[in-house]
Amino acid sequence: MANVGLEEYARRLLAEVQATAEAEESTDTQAFTHRVLFDLEEAGVLTNTFAAYHAARGHQIHGYGLGDTGESLDLFVVDYKVRPLESKLTRSQTQTFFKRLLTFAQRCRDSLRQHIDPSSDEYDMCGAVEKALTEVAQIRLFVFSNRVATGTDFPPGEFDGIQVIHEVWDLARLHRHATSGALSEPIVVPFDPPLPCVAAPSSEDDHSVVLAVLPGETLAALYAEHRTRLLELNVRSFLQVRGAVNRGIRETLLHAPGRFLAYNNGITATASQVDLVVGPDGAPTHISRVHGLQIVNGGQTTASLHYARYQDKADLSQVRVQMKLTEVSPERLAEIVPKISEYSNTQNRVTQVDFSSNHKYHVAVQRFTRSLWAPATDGSGQETHWFYERARGQYTDGLAEAKTETQKQTFKRINPSRQKFTKADLAKYVHSWNQLPYLVSRMAQKNFVEFMLRIDKLQPVVDVTYCQRLIAMAILFKAVDRVAFAHGAGSQKSLVTTYTTARLSLATNQRIDLDRIWREQRISPALEAAIDDLCPRVMKAVITPLQGTHVGEWAKKPACWDAVSRVLWTVPEDLVEELRETPLDEETLGAGEQREKLAVEELLAVPADQWRTIGQWAKETHNLEPWQRQLVESVGRRLSNGQDVPDAQALQALHARQEALRQGYVPAS
């Protein structure tokens with residue numbers, strides 16, 4: 001579809017929608033809504049979306065969505081026409097749509113669902129929105145239209161103290177999205193009036209550089225609008241105000257804003273295209289527009305400006321920030337941007353671990369873990385996330401996004417700090433399981449470098465099962481660590497832990513049931529007893545090095561692992577009974593495609609009618625979350641019509657079915 005023009009795209013979209021509506025026995029508007037939601041979920045723009053129409057005097061809505069982190073509520077309204085090219089969606093009409101969505105939100109807060117049939121999708125939607133409004137930090141209003149809109153740029157607003165963002169996905173934007181193949185739209189920033197700059201000619205064809213000075217208000221506003229999307233190519237997230245640099249930034253902004261330019265190193269940014277205004281001599285003098293803007297160094301400066309402006313109410317009118325802007329050809333981004341970030345960073349020490357933040361492996365692990373709910377095993381019923389901190393500071397940045405104390409407590413409840421783990425932690429867990437404790441003992445950075453070399457060689461496909469087993473390795477490692485502490489490992493505890501985990505993996509031939517550990521979110525009593533018996537034996541071998549060798553240096557040598565691997569120990573019978581029949585080594589690292597195929601087969605093996613009956617059962621018994629009820633019904637409808645189910649929805653649907661079975665749902669025989 002890359003070469004399809006706007007008019008042809010409009011005609012094709014219309015034909016596809018009408019064909020889908022006929023096949024599903026639904027309306028054109030419903031088919032269009034499902035089509036847009038499917039596309040935007042696949043692209044990662046939206047998550048956990050559900051279509052449900054409700055309208056009354058003053059309000060109208062076609063569906064809603066809940067962000068994976070629980071901090072964002074999305075509300076959708078649809079403008080669909082059978083002759084989309086004969087008229088345009090005016091700015092006034094778009095404003096009316098946004099107003100109707102906010103009115104719906106207000107009426108949900110005023111208990112609108114009391115006047116709606118409890119068995120309907122609209123009732124579930126109202127309940128979900130009413131609950132979300134007490135927890136979220138942001139509301140995003142979406143207008144979906146198959147017409148071209150005359151106005152798409154609407155400033156942020158506010159609803160009872162909650163920030164409101166406006167998004168218009170009209171025909172032109174849907175066409176742009178479909179023909180570009182991009183997973184997320186690039187950030188485009190116009191400067192009116194144009195921003196003065198100095199161009200630095202380059203002898204290289206693949207990039208050029210301009211220097212400019214940005215108003216602090218402008219940079220703060222950019223972060224307020226785009227948040228972490230602005231920092232996607234940054235090696236780390238905002239590091240909060242705990243470090244001396246960030247505290248210094250804040251102090252300067254509050255007490256000496258006019259000196260900010262002198263004190264601060266500014267930002268380094270990249271763009272796919274920079275539109276320049278040239279002077280009479282043909283030399284660039286101003287920047288009029290930047291396409292695909294990304295801040296690759298200076299993320300904490302940018303976010304600090306935002307937080308000073310909106311939390312400290314600082315006056316940024318006197319603040320100026322220097323910017324080095326590099327225009328990079330898109331095909332060279334992956335090669336050049338990490339080097340720009342590495343060589344330009346001087347504020348906080350950035351480690352080798354940081355520079356792998358944007359590797360596709362870590363991006364995938366973050367994507368799956370953010371939507372992966374760990375089973376509640378403490379009787380509270382509260383499911384949680386294991387928070388994978390792909391970039392340094394993401395956890396504290398997420399916590400800082402919560403404006404109220406209630407929102408902060410909700411974030412902590414869903415993302416317990418004890419379940420946060422970093423890239424270095426991940427490498428430690430996996431290498432211990434894969435019997436490479438001497439690499440783990442070489443400390444975080446060296447171990448991580450070796451880990452990435454193996455990842456690039458194996459290229460595992462990251463899916464939900466892969467991430468569940470990674471988390472199970474984390475649970476196992478932490479359990480061993482507690483036992484090592486109890487046995488008095490002291491300052492050598494980290495060494496004893498990795499070697500004990502590796503020796504356990506070797507003794508069991510990697511047949512420990514990681515899937516069971518994931519389901520139960522703990523190790524079994526038999527496994528804990530085995531670790532308690534094994535640990536002191538391993539500890540003796542680790543802390544008794546070859547003559548003349550320091551313990552720390554000894555642990556870094558393969559010879560130490562050779563000594564530990566020969567420690568006499570037999571797996572206890574009660575643990576043998578729990579072991580898998582086959583090892584998990586290849587299945588855990590490298591056979592992801594097969595697991596992904598099995599996951600799809602698992603979804604397709606469930607009869608389409610069963611998904612709908614799960615939804616009906618959940619409504620009648622008031623089990624599952626409202627969005628889960630609608631999800632299983634949506635999956636059933638798609639399967640009945642022979643349609644694909646988005647990967648994210650498939651994973652969530654299987655999770656909802658598992659939860660329904662746990663809560664008492666019995667499939668028809």
Side-chain angles (χ1 to χ4, degrees), residues 1-6 9 43-45 148-149 151-153 167-215 218-219 221-235 266-299 302 321-341 343-344 358:
M1 195 178 285
N3 296 320
V4 174
L6 183 65
Y9 173 77
V45 177
V148 174
T152 60
D153 185 18
E167 294 264 5
V168 180
W169 283 81
D170 65 339
L171 180 67
R173 190 173 184 183
L174 291 171
H175 170 253
R176 203 161 55 241
H177 176 76
T179 56
S180 69
L183 288 181
S184 60
E185 284 208 329
I187 296 173
V188 179
V189 180
F191 290 102
D192 186 18
L195 185 70
C197 72
V198 175
S202 172
S203 59
E204 304 287 339
D205 295 333
D206 56 11
H207 77 280
S208 60
V209 180
V210 294
L211 306 176
V213 176
L214 280 171
T218 299
L219 199 52
L222 280 173
Y223 186 83
E225 180 178 358
H226 302 291
R227 294 299 176 105
T228 53
R229 278 192 62 217
L230 193 63
L231 311 176
E232 284 177 349
L233 298 183
N234 201 305
V235 297
I267 66 172
T268 301
T270 62
S272 57
Q273 179 183 330
V274 180
D275 297 340
L276 298 168
V277 178
V278 298
D281 60 353
T285 61
H286 294 75
I287 302 171
S288 61
R289 187 180 296 265
V290 177
H291 302 260
L293 178 66
Q294 283 287 300
I295 295 175
V296 298
N297 183 38
T302 304
V321 184
Q322 62 181 339
M323 174 178 68
K324 181 178 75 172
L325 178 62
T326 303
E327 183 179 9
V328 183
S329 56
E331 62 272 15
R332 301 295 300 278
L333 274 175
E335 174 188 351
I336 294 177
V337 168
K339 290 184 172 62
I340 294 174
S341 185
Y343 299 151
S344 65
N358 296 304

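For the single chain, residues carry numbers from 1 onward in sequence order.
- For the residue pair A149 and T152, the shortest heavy atom distance occurs at CB-CG2, 3.9 Å.
- Here the closest heavy-atom approach between residue C197 and residue A212 is recorded as CB-CB, 4.2 Å.
- Expressed to the nearest 0.5 Å, how far CG of L325 lies from OG of S208 amounts to 8.0 Å.
- Distance alone, capped at 3.5 Å, places no donor-acceptor pair between the T268 side chain and the K324 backbone.
- A distance-only check finds a donor-acceptor pair linking the side chain of S288 to the backbone of D275 [under 3.5 Å].
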Exercise for the section: Evaluate the criterion side chain to side chain contact (heavy atoms under 4.5 Å, CB included) for residue pair I287 and L276; output intermediate values, then yes/no. Expected result: CA-CA 5 Å; I287 302 171; L276 298 168; 3.9 Å; yes
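- No side-chain heavy atom of F191 sits less than 4.5 Å from a side-chain heavy atom of V277.
- Taking CD from Q322 and CD1 from I267, the interatomic distance works out to 9.5 Å, rounded to the nearest 0.5 Å.
- In this structure, V148 and L6 have side chains that are in contact, with non-hydrogen atoms separated by less than 4.5 Å.
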Practice task
Walk me through it: do I295 and L219 pass the test side chain to side chain contact (heavy atoms under 4.5 Å, CB included)?
Solution key: CA-CA 11 Å; I295 295 175; L219 199 52; 4.0 Å; yes
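- Minimum heavy-atom separation, H291 to A271: O-CB, 3.4 Å.
- Side chains of V290 and L195 form no contact here, defined as non-hydrogen atoms less than 4.5 Å apart.
- Nearest heavy atom pair, residue E327 against residue Q273, reads OE2-CA, 3.4 Å.
- Taking NE2 of H175 as the reference point, atom CG of D170 lies at 11.5 Å (rounded to 0.5 Å).
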